[in-house]
Amino acid sequence: TLTTGIMSPKVIIDGYGNEIDKNTRIWERIQKNITVNNSATFDGDGNITGGNSIDRAVLSLVTAKEASNIIKNSVQADKQVFNSTNKYSAYAEIDGLTYYKGAPERIIEKCEYLMNSDGLIEKFTEENRKTLENKIKEFTMNSIRCIALAVDENPIVENELPNSMTLLGIIGVADKASSAAEMIISNEWVTLGDDVWWWCHNSNIVIHITASNIYNRIFKIIAFSKVMYPINCNIVFRIAIFVYSYIVNNSFCFCCPCFC
């Protein structure tokens, strides 16, 4: 594997694209979202357990004591767990709000409002949307995965997002590269690009590029091309094939016959 598999939070921004101060009202809402709307939990020793790597990463933004207090003061009415089709999870309180957490491309398009640092609700404008999308692209190109948080006043409708949610913010998490990956991307390894390609091709090894969104996928295509196909291997033609195969198949197979 190219990474350690241990995600950690790197940045938290609001709907304006500004970093969030943890001494603000909006942070209180974010804390509640990442605590109650989460498959990971704190065990008796205060360690985070269960859930997926992203759930564990965002839960690390609160302490075990903070999480315990939040859960004690929240009564669950309904819940929808994350799945790869919906790309979001939801938690509804009795006589309260419904919290959503998921892929930015799913959450943001359904937000009509945003919450400012004082906890006040404002219109989520097209300018706000473009600023946020540019921020997410910037994070993605730096290998930071993004999770969007939102809230709504209506009960959960199974497999359906509300159309006028209030955006709370975006959390960016990253996975540290493993020592093996650091070797792979070193200059010494890059010079072996053709040998690696030959070995994969002749060993019938197939490598697929997948990621949570289009920016991650394109980034990974370019990153792998630098490793697998150094500049003396007609890199422009091969990158073009990479992008074309992504558009057609939504994934990329390195060992493609057209490379013979």
Side-chain angles (χ1 to χ4, degrees), residues 3-4 6-42 48 51-71 74 82 87-91 97-122 124-125 127-152 165-176 211-213 215-216 219:
T3 55
T4 62
I6 302 173
M7 293 281 189
S8 59
K10 298 297 180 183
V11 64
I12 312 167
I13 60 173
D14 60 19
Y16 298 100
N18 301 319
E19 290 201 37
I20 291 175
D21 185 337
K22 292 185 178 181
N23 295 312
T24 55
R25 292 293 302 276
I26 189 174
W27 175 244
E28 294 175 12
R29 288 294 185 192
I30 289 175
Q31 275 187 310
K32 190 161 193 176
N33 193 324
I34 62 180
T35 300
V36 298
N37 185 17
N38 201 316
S39 296
T41 59
F42 285 95
I48 296 175
N52 57 40
S53 59
I54 292 180
D55 275 342
R56 293 190 293 273
V58 298
L59 188 57
S60 71
L61 288 165
V62 300
T63 66
K65 184 177 180 180
E66 287 171 334
S68 177
N69 290 334
I70 290 170
I71 292 170
S74 177
F82 178 91
K87 296 184 178 179
Y88 72 86
S89 61
Y91 175 97
L97 299 171
T98 299
Y99 295 90
Y100 292 86
K101 171 169 65 70
E105 63 268 24
R106 290 300 318 278
I107 301 295
I108 293 175
E109 69 176 0
K110 296 291 187 177
C111 289
E112 188 174 339
Y113 305 96
L114 59 79
M115 183 176 289
N116 66 22
S117 59
D118 296 321
L120 301 177
I121 307 303
E122 298 181 353
F124 186 44
T125 66
E127 183 180 354
N128 297 145
R129 194 180 304 274
K130 288 179 180 178
T131 298
L132 208 56
E133 288 174 351
N134 288 333
K135 280 285 187 180
I136 291 171
K137 289 179 186 178
E138 177 187 330
F139 294 153
T140 301
M141 294 305 289
N142 284 284
S143 302
I144 295 176
R145 296 183 64 180
C146 295
I147 303 94
L149 307 174
V151 66
D152 191 71
M165 294 190 292
T166 298
L167 182 68
L168 297 177
I170 304 291
I171 299 177
V173 301
D175 190 353
K176 186 179 184 297
S212 57
N213 60 56
Y215 306 118
N216 260 329
F219 172 73

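Just so you know, residue 1 is the first one in the sequence shown, and it goes up from there. All values derive from a computational prediction rather than experimental measurement.
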- Task: Indicate yes or no: does E133 engage K130 in a salt bridge with an N to O separation below 4.0 Å.
- Result: no
- Item | L167 side chain reached by L132 side chain, heavy atoms, under 4.5 Å | yes
- Item | R25 side chain to M115 backbone, donor-acceptor under 3.5 Å | no
- Item | From L61, I170, L168, D21, residue fulfilling side-chain contact (heavy atoms from CB on, under 4.5 Å) relative to I12 | L61
- Closest non-hydrogen atom pair, F124 against G15: CE1-O, 3.9 Å
- Message: Would the distance check show the side chain of S74 and the main-chain N or O of I70 forming a donor-acceptor pair, the cut-off being under 3.5 Å?
- Response: no
- Could you tell me whether a side-chain N or O of S60 sits under 3.5 Å from a main-chain N or O of A57, the two making a donor and an acceptor? yes
- Partner residues of S8 under the side-chain contact (heavy atoms from CB on, under 4.5 Å) criterion, sequence neighbours left out: K10
- Side-chain donor or acceptor of N52 paired with backbone N/O of I54 under 3.5 Å: yes
- Query: Is there a donor in the side chain of T131 and an acceptor in the side chain of N128, or the other way round, less than 3.5 Å apart?
  - Reply: no
- Message: If you count every heavy atom of other residues, nucleotides or ligands that lies below 6.0 Å from R29 atom CZ, does the total exceed 12?
- Response: no
- Donor-acceptor pair, N116 side chain versus D118 backbone, under 3.5 Å? yes
- Message: Quick check: closest heavy atoms across K32 and Y99, and the distance to 0.1 Å?
- Response: CD-OH, 3.3 Å
- Is there a donor-acceptor pair under 3.5 Å between the side chain of R129 and the backbone N or O of I108? yes
- Minimal heavy-atom distance between I13 and K135, with the atoms involved, is CD1-CB, 4.0 Å
- Message: Under the side-chain contact (heavy atoms from CB on, under 4.5 Å) test against I34, which residue among I147, I171, L59 passes?
- Response: I171
- Item | Lys/Arg N to Asp/Glu carboxylate O, D55 vs K101, below 4.0 Å | yes
- Task: Could you verify whether a donor N or O on one side chain and an acceptor N or O on the other, from T98 and D152, lie under 3.5 Å apart?
- Result: no
- Task: Measure from the side-chain N and O atoms of N38 to the backbone N and O of R56, and report whether any donor-acceptor pair falls under 3.5 Å.
- Result: no
